[in-house]
Amino acid sequence: MKGLENEHYRKGLWTEEEDKILSDYIRVHGRGHWNRISKVTALKRCGKSCRLRWLNYLNPDIKLGHFSEEEDDLIIRLHNLLGNRWSLIARRVPGRTDNQVKNHWNTHLCKKLGIKKPRGKVVCSMRKISSPTAETKTVSTDNFNFKPLQSSRITMSVDCPINTSETSNHGVETHQFIDDQHCIQSFLSAGNSFKMNSPGFLEFLDGFFY
DNA sequence: AACCCAAGCAACCGCTCTCTC
DNA sequence: GGAGAGAGCGGTTGCTTGGGT
Ligand SMILES: [Mg+2]
């Protein structure tokens, strides 16, 4: 019998009244500690739902409305380079959230590009710091840290769960793709250790996408 | 008017990552 | 230094809407 009455959270679309309660709360207390909100207001929403509503709608920095051609081009370029890393992409698209970018990709850009099957992750394959003698391997999450070795071969590839002939790897289809991949290659060749979300790599991205 | 179907997309779920104490 | 809490991520779902017949 641990706080059963607090587990009755509402789900689904947010009402104007709910938005107002959340906005008022954030105006006073700031963002964060989302789980507290349902305990001190009349809002019957779990912390996760509150956080998401703020991040994707109530935050005044968010740009609403249709995506421009320039935004489309930027997203396509970034997606070529980064794969389905929506958060990473959205950070480089002013006023757009990861959810917006993901939805826009899935509903509009996919068709625009004539993509039938979703593309796998762009992965980086090389030797790992902790085991320099181990064979080249890919990784399944972004939480890794590669350091290029003198003799190591650095490759970018497209991870594709279903092996069809045209999507093996090095899915190079356009000039832009080659250029963007070269951007990571040069980052690695400069001797930088590589971690997908590291400050160093994010700063490096700034130089390519402005 | 009534129905069907699919596009669009807000929000959920399960999971990972990070931060704090 | 590790456990628990908070924050973040991305695939997916299911409700709403719109267009076609
Ligand atoms: Mg953004």
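Throughout, protein chains are lettered first and strands after them, A, B, ... in sequence-line order, and every chain is numbered starting at 1.
The aromatic rings of A/Trp86 and A/Trp105 lie tilted to each other, with the angle between the two planes from 30° to 60°. Note: A/Phe204 and A/Phe201 have parallel aromatic rings, judged against thresholds of 30 and 60 degrees for the angle between ring planes.
In this structure, A/Asn197 and A/His66 both approach DNA chain B, and ranking their closest nucleotides by distance from the 5' end singles out A/His66. Between A/Gly12 and A/His108, it is A/His108 whose nearest contact on DNA chain B lies nearer the 5' terminus. Taking the nucleotide of DNA chain C with the nearest heavy atom to each of A/Trp86 and A/Leu55, the more 5' of the two is matched to A/Leu55.
Using N1 to N3 plus N6-O4 or O6-N4 for Watson-Crick, or N1-O2 and O6-N3 for G-U wobble, each under 3.5 Å, B/dA1 pairs with nothing.
Taking the side chain of A/Arg85 as heavy atoms from C-beta on, and the options B/dC12, C/dG10, C/dA7, the nearest nucleotide is C/dG10. Here the side chain of A/Arg91 is nearest to one of B/dA10, B/dC12, C/dC9, namely C/dC9.
To the nearest angstrom, P of B/dG14 lies 9 Å from NZ of A/Lys11. As a whole-Å value, the separation of A/Asn56 CG from C/dG8 P is 12 Å. Between the CG atom of A/Leu52 and the P atom of B/dA10 there is a distance of 10 Å, given to the nearest Å. Rounded to whole angstrom, the span from the CH2 atom of A/Trp105 across to the P atom of B/dG8 amounts to 15 Å. Straight-line distance from the CG atom of A/Leu64 to the C1' atom of B/dC9: 13 Å, rounded to whole Å. Residue A/Asp98 contributes atom CG, which lies 12 Å from atom P of B/dA10 at whole-angstrom precision. The nearest whole Å value for the distance from the CZ atom in A/Arg53 to the P atom in B/dA10 is 9 Å. A/Asn106 places its CG atom 13 Å from the P atom of B/dA7, with the value rounded to the nearest Å.
With hydrogens and angles ignored, no donor-acceptor pair under 3.5 angstrom links the side chain of A/Lys48 to the base of C/dG6.
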(request) Could you walk me through whether A/Lys63 and A/Glu71 pass the salt bridge (charged side-chain N to carboxylate O under 4.0 Å, His left out) test, one step at a time? (result) CA-CA 12 Å; A/Lys63 191 191 294 181; A/Glu71 286 178 307; 3.3 Å; yes

(request) Kindly indicate, with the supporting measurements, whether the criterion salt bridge (charged side-chain N to carboxylate O under 4.0 Å, His left out) is fulfilled by A/Asp73 and A/Arg77. (result) CA-CA 6 Å; A/Asp73 292 343; A/Arg77 262 190 93 195; over 6 Å; no

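Counting non-hydrogen atoms under 4.0 angstrom, A/Leu13 reaches the backbone sugars and phosphates but no base. Across all strands, A/Thr107 comes closer than 4.0 Å to base atoms (heavy-atom distances).
A heavy-atom distance below 4.0 Å to DNA chain C is reached by these residues of residues 20-36 of chain A, ordered by number: A/Gly32, A/His33, A/Trp34, A/Asn35.
Looking at A/Trp34 and A/Ile26, their side chains come closer than 4.5 Å, going by heavy atoms from C-beta outward.
At a threshold of 4.0 Å, the pair A/Arg96-A/Glu70 does not count as salt-bridged, since none of the basic side-chain nitrogens sits closer than that to a carboxylate oxygen. Using a cutoff of 4.0 Å between basic side-chain nitrogens and carboxylate oxygens, A/Asp98 and A/Arg85 are not scored as salt-bridged.
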